[in-house]
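For reference, the structure is listed below as structure tokens.
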Amino acid sequence: MTKPTHTTPPPDAAARRRALPVLTYSVEQLPLFDAAFYNEARDELAKVAEVMVPPRDAKAFEVTAGHFFRIMSIEGPQVGDLNLWNAHDLTERFYSGKTRALHATHLSTGDRLWSTFPTLRPMATITHDTLDWYRWDEDGAGVHDIIGTRCDPYTNLLLKGKEYHYCCHSNLTRALATERNLPLGEAEVHVHDVMNVFMCTGYTRDTHQYFMKASPVRPGDFIEFFAEIDLLVGLSACPGGDCGASHSDDTAKCYPLKVEVHRPHERALAGWQSPPPNKYSRSHGTR
């Protein structure tokens, strides 16, 4: 719905609208994506773990720095909500807003998932994406978004007037609580805005409202990440299935997701180190 205006445009309204757009960040100083390094590391992999994420549920698991993990579609089109934490410090976690500002609204090969302040460093790098062909469709939608938040029981109650316990927020809360033996309330505060893996989304052109459409993911598709630091990963198989119609209920057809963790040959990582935390002094103008 287009919102009505309540003010009269000023005489120079057209001129103000013609201001040229400027990218918020000049990202030339970011470390370049070293495709040769990651591809060489991918050439000789040994699978060291496999995790099955059931429909309308989540799992949490660790991935050692220098390992790859793949999120895979195996039975049918299914969206996954992804959280990342430093395996040794849950307060360092994926920062979707800053990642969006540094890269784009939707991520693919070569993009990094950055952590929260004060560390602000790459947590994971996307090294392969079988859906990178999708790019942008005629509705302006793309795949693997970091603009939407995870579906949650609070918004669902607000909009529908009833409780639903298998939203991605709840799924991730249960998974983290189980993995780290935490009370639900303590785990919940660490659950954060997600990367919506395989989800196809955008903003409407007229009202700029967030929309979703059926995911193009099919069995055999996967997205692959390189763990830049020791990670604790949370992944929820969204109750919306392919998110082509609804979410936060039991109406959509849902499928499991499979995660594989792979270790590269140690010679491929010779000289490689995890990125250090951001070196800002944290003085904030006080000295």
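The basis for the numbers below is simple: all heavy atoms, side chains too, and nothing from hydrogens, waters or symmetry mates.
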- Message: Enumerate the side-chain hydrogen bond (donor to acceptor under 3.5 Å, both in side chains) contacts for residues 107-120, please, sequence neighbours excluded, ordered by first and then second residue.
- Response: E92-S115, E92-T119, H103-D111, H103-W114, S108-D129, S115-T119
- Ionic contact status for D145 with R100, cut-off 4.0 Å: no
- Query: Taking the six-membered ring for Trp, are Y95 and F117 ring centroids under 6.0 Å apart?
  - Reply: yes
- Query: Among pairs that include at least one residue of residues 227-246, which meet side-chain hydrogen bond (donor to acceptor under 3.5 Å, both in side chains), considering only residues two or more places apart or in two chains?
  - Reply: Y38-E228, H88-D230, T125-E228, N171-S236, S246-D249, S246-T251
- Are R56 and D250 within salt-bridge range, i.e. N to O under 4.0 Å? yes
Using a 3.5 Å cut-off and no angle test, enumerate the donor-acceptor pairs between side-chain atoms of residues 25-36 and protein atoms at least two apart in sequence or in another chain.
| from | atom 1 | to | atom 2 | distance (Å) |
| --- | --- | --- | --- | --- |
| Y25 | OH | K98 | NZ | 2.6 |
| D34 | OD1 | A36 | N | 3.4 |
| D34 | OD1 | F37 | N | 3.2 |

- Item | side chain to side chain contact (heavy atoms under 4.5 Å, CB included) assessment of H192 paired with F94 | CA-CA 8 Å; H192 50 280; F94 172 49; 3.6 Å; yes
- Are F69 and H262 close enough that their ring centers fall under 6.0 Å? no
- Could you give all pairs that pass the side-chain hydrogen bond (donor to acceptor under 3.5 Å, both in side chains) test and reach residues 217-226, with sequence neighbours left out? R42-E224, R70-E224, T127-E224, T130-D221
- Item | Closest non-hydrogen atom pair, K213 against D139 | NZ-OD2, 2.6 Å
- Message: If I compare all heavy atoms of K258 with all of I74, which pair ends up nearest, and what's the gap?
- Response: CB-CG2, 3.8 Å
- Query: Around D12, counting heavy atoms of other residues, nucleotides and ligands shown, do more than 12 lie under 6.0 Å from its CG?
  - Reply: yes
- Message: Restricting to side-chain hydrogen bond (donor to acceptor under 3.5 Å, both in side chains), what partner residues turn up for Y154, sequence neighbours left out?
- Response: E188
- Is the NZ or CZ atom of K253 both under 6.0 Å from the centre of the six-membered ring of Y255 and within 45° of that ring's axis? yes
- Message: For residues 58-67, which residue pairs pass the side-chain hydrogen bond (donor to acceptor under 3.5 Å, both in side chains) check, not counting sequence neighbours?
- Response: E62-R180
